[in-house]
There are 2 protein chains.
Amino acid sequence: MSTSLKEIASIVGVSTTTVVRALKDRPDVKEETKQRIIKVAKELGYRPNILARGLVTNRSFTVGIVVPDLTNPFFPELIKGIETTIWAKGFNAILADTDYDLVKEEAAIESLISRQVDGIVIAPIESRRDRAVYEMLQESGVPFVCMSMVQDLNTDLVIADDEAGAYAAVRHLLSLGRRRVAYMGSSLSPRADAERLSGYKKALQEAGIDFDESLVLRGDQRDVDSGQSLMNEYFASGRTCDAVLSFSDLMALGVMKAVRQRGLSIPSDVAVVGFDDIKVASAMEIPLTTVSIPKYNLGEEAANLLIRRIDQLKGKKDTDKRSPGTVTFQKIVLRPTLVVRGSCGASSKTGQ
Amino acid sequence: MSTSLKEIASIVGVSTTTVVRALKDRPDVKEETKQRIIKVAKELGYRPNILARGLVTNRSFTVGIVVPDLTNPFFPELIKGIETTIWAKGFNAILADTDYDLVKEEAAIESLISRQVDGIVIAPIESRRDRAVYEMLQESGVPFVCMSMVQDLNTDLVIADDEAGAYAAVRHLLSLGRRRVAYMGSSLSPRADAERLSGYKKALQEAGIDFDESLVLRGDQRDVDSGQSLMNEYFASGRTCDAVLSFSDLMALGVMKAVRQRGLSIPSDVAVVGFDDIKVASAMEIPLTTVSIPKYNLGEEAANLLIRRIDQLKGKKDTDKRSPGTVTFQKIVLRPTLVVRGSCGASSKTGQ
DNA sequence: TTGTACGCGTTATCAA
DNA sequence: TTGATAACGCGTACAA
């Protein structure tokens, strides 16, 4: 099919070894033959077969990216951060979307290992039964970085500071005079949810406000409708609030819809704050105040950490690959920033 | 590193051939040895090296996906459609984001070819100078499917019917009594832009309305701000309109902002219609009427077409690979649907 | 029922 | 300055 070193060699009348040297522009080839080889290679449109190369070098220059749902606006930016970073270092990305399906997640990881990826960045589903999958991955020896905590497993980790994010948001709301701040969490991300709730409580406590369990709701962060219906139920049950911090911007949009349907206005009656800072958050009629997560940077950091791991793994010649006692995992935590826009009722200059 | 057939063979005390047969559950292996082999393979966590396999079978079971910008909400759904479809057939996806950079697009394609992908799905940048890149790709012999037309090149193509989409939208607006309908196009997608403009004109003509060049604007479809500033300029120049069809939902959001800033109301003063139907379109305070493009389906169709191409290419044993005269390219056109919501002023039951 | 031998395209080692 | 040769892990004729 495609031209190989051997073909070039036979055409030019040299050995493949010489062809390799010429194409890699090594100094130890006669200039004339080098030129002849390069010329023929160009004419034939020679492209190295990276698979074959990987077979001998034991490096595929490929990393796997595993996410639960591409269409969640959170992930494309993250992936872009990863892809751009690894691309700059000569790596390609194999992408797998698990659809929040544990079976597919496991299959995806198996497939990636079979494809000899040099490493994996993975945003776990956060199922209660995902531990086994990650233990399998650890045993495989393929380095990987998680974008959220997997139960009590020790892994490399790159995450946002959820507690600090929620804390800043609630603190801000309280400083604006809000007193009944609802927390709309998500049961799909129990770890992050717990962190945020903790930040929420901390802010309340500092302001001397008692924690009120009835102000805590939980739904599905991926879904506008979830935020809306949750908020509707909340109102329907006779409860009230003057502010809502929701787990995602998508949910926050749903909250806004519900609030309006209730005939209340934003932000005067109810302040709404989201989480993530997706692109359209600023484009709403009432621009959404939100805890902005540096998604692209998270991707960058994860990619850089992973590549470091790969280098230190493949770097050492053949000193025993696993020295399980020695490994210290890294945990990189990025601070989110509160982006104040219209929906929280602050008189801000930001976010127009 | 990872266990190979050879290792298993030497442990069990048979040849690699036998191991292969056992692992593929061929009938011509003694049941007992088969079980022994399978057992050992399991214990050692054997995983076939797909790269090595590809070297001999000349099939990598990988397809490349090339898009100009992952964070444009249009693409994740498209990619998901592709990825899910090919995954079901045993393929993995290598993803490349070109950042609307022709140089990176070419590099990405080269890289994919070097990685021996079996095929490529590509959403072209639509630069004026992209032709060379695609000719290179054609010469490589790797089958590929385009998600938009590349100049006057003949390729497999899977696209939405832009003309029909725009036509339906404008027709609807006119049926609601709108008379000055602005068309906000995009200079980044000249082909689709021309198609839509044509649909726009067609609808006007049928209604007996003269085409007015001053109602046509052009900006950057990726950007909310572009829609906003374009619309601002429009108003500032003293022009008016009672409806706007914009090239993307993102742009439409910008238009809505500008209209409100102008003190006009939606939809009574100005009806706004978008294109794409991104997730949040329905979550706006005034839900956005839009021409819904079946992004996921486009991805599915592209993937299926590509896999058909791959099969028919690799299927034939070794009858000359390129019979350039014989190839007939396919063009699959999917119809978009107009989703009527609040922003166009129809009294609809849809889209709440 | 099992094994031998070769090839896929590349890199690496050693020798000339 | 150049070339044999082996090796990576797997698949497949061809034998036995």
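Sequence lines set the chain letters: A, B, ... in the order given, protein chains first and strands last, and positions in each chain run from 1.
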Side-chain N or O of B:Thr17 closer than 4.0 Å to phosphate OP1/OP2 of D:dT12 = no

Atom CZ of A:Phe61 to atom P of C:dT10: distance rounded to whole Å?
-> 16 Å

Per the end-axis method with five pairs at each terminus, what is the bend angle of the helix from C:dT1-D:dA16 to C:dA16-D:dT1, to 10°?
-> 40°

Measure from NZ on B:Lys30 to C1' on C:dG3 and round the result to the nearest Å.
-> 14 Å

Atom-to-atom span, CG of B:Leu23 to P of D:dT12 - whole angstrom = 14 Å

Is any N or O donor-acceptor pair between the side chain of B:Arg21 and the base of D:dG11 shorter than 3.5 Å?
-> no

Hey, which of A:Thr155, A:Leu102, A:Leu153, A:Val150 is the one that makes side-chain contact (heavy atoms from CB on, under 4.5 Å) with A:Pro124?
-> A:Val150

Identify, between B:Val56 and B:Pro27, the residue whose nearest nucleotide on DNA chain C lies closer to the 5' end.
-> B:Pro27

Separation of atom CG in B:Leu55 from atom C1' in D:dC8, rounded to whole Å = 9 Å

Check whether any side-chain heavy atom of A:Gln330 sits under 4.5 Å from a side-chain heavy atom of A:Leu157, and report yes or no.
-> no

If only atom types and distance count, is the side chain of A:Arg59 paired as donor or acceptor with the main-chain N or O of A:Gly54 below 3.5 Å?
-> no

Closest listed nucleotide, where the reference is the side chain of B:Val20 and the choices are D:dG11, C:dT11, C:dT10 | D:dG11

For a quick test of your reading: what N or O donor-acceptor pairs under 3.5 Å do the side chains of residues 89-99 of chain A make, sequence neighbours left out?
| from | atom 1 | to | atom 2 | distance (Å) |
| --- | --- | --- | --- | --- |
| A:Asn92 | OD1 | B:Ser111 | OG | 3.0 |
| A:Asn92 | OD1 | B:Arg115 | NH1 | 2.5 |
| A:Asn92 | ND2 | B:Ser111 | OG | 3.4 |
| A:Asp97 | OD1 | A:Asp99 | N | 2.9 |
| A:Asp97 | OD1 | B:Lys80 | NZ | 3.3 |
| A:Asp97 | OD2 | A:Leu70 | N | 2.8 |
| A:Asp97 | OD2 | B:Lys80 | NZ | 3.3 |
| A:Thr98 | OG1 | A:Val67 | O | 3.4 |
| A:Asp99 | OD1 | B:Lys80 | NZ | 2.9 |

Between A:Ser140 and B:Arg47, is a side-chain contact (heavy atoms from CB on, under 4.5 Å) present by the stated rule, with each step listed?
-> CA-CA 10 Å; A:Ser140 80; B:Arg47 289 194 190 82; 4.1 Å; yes

At under 4.0 Å between heavy atoms, what does A:Arg47 touch on the DNA or RNA strands: base, sugar-phosphate, or nothing?
-> sugar-phosphate

Using only heavy-atom distances, determine whether the side chains of B:Tyr134 and B:Glu139 contain a donor-acceptor pair under 3.5 Å.
-> no

Residue B:Thr18, side-chain atoms from C-beta onward, closest of D:dG11, C:dT10, C:dG3 | C:dG3

Any B:Lys6 side-chain N or O less than 4.0 Å from OP1/OP2 of D:dA7 = no

Measure the distance from CD1 on A:Ile50 to C1' on C:dT11 and round it to the nearest whole Å.
-> 14 Å

Run the side-chain hydrogen bond (donor to acceptor under 3.5 Å, both in side chains) check on B:Gln116 and B:Thr62 step by step: do they pass?
-> CA-CA 8 Å; B:Gln116 314 296 114; B:Thr62 316; over 6 Å; no

What is the distance from CZ of A:Arg59 to P of C:dA12, rounded to the nearest Å?
-> 12 Å

Examine D:dG11: is either OP1 or OP2 under 4.0 Å from a nitrogen or oxygen in the side chain of B:Lys24? Give yes or no.
-> yes

In whole angstrom, give the distance that lies between atom CD of A:Glu7 and atom P of C:dG7.
-> 15 Å

Between A:Lys34 and D:dT1, does any side-chain N or O lie under 4.0 Å from OP1 or OP2?
-> no

Side-chain N or O of B:Ser15 less than 4.0 angstrom from OP1 or OP2 on C:dG3?
-> yes

Nearest to the side chain of B:Thr57, which nucleotide is it out of C:dT10, D:dC10, D:dG11?
-> D:dG11

For B:Val29, report the nucleic acid contact type (base, sugar-phosphate, nothing); a contact means any heavy atom under 4.0 Å.
-> sugar-phosphate

Quick one: which of A:Arg309, A:Lys331, A:Arg308 gives a salt bridge (charged side-chain N to carboxylate O under 4.0 Å, His left out) with A:Asp156?
-> A:Arg309

Scan A:Asp28 against the nucleic acid and name what it touches under 4.0 Å (heavy atoms): base, sugar-phosphate only, or nothing.
-> base

Calculate the interatomic distance between B:Gln116 atom CD and D:dG9 atom P; express it in whole Å.
-> 19 Å

Are B:Thr16 and C:dG3 close enough that a side-chain N or O sits under 4.0 Å from OP1 or OP2?
-> no

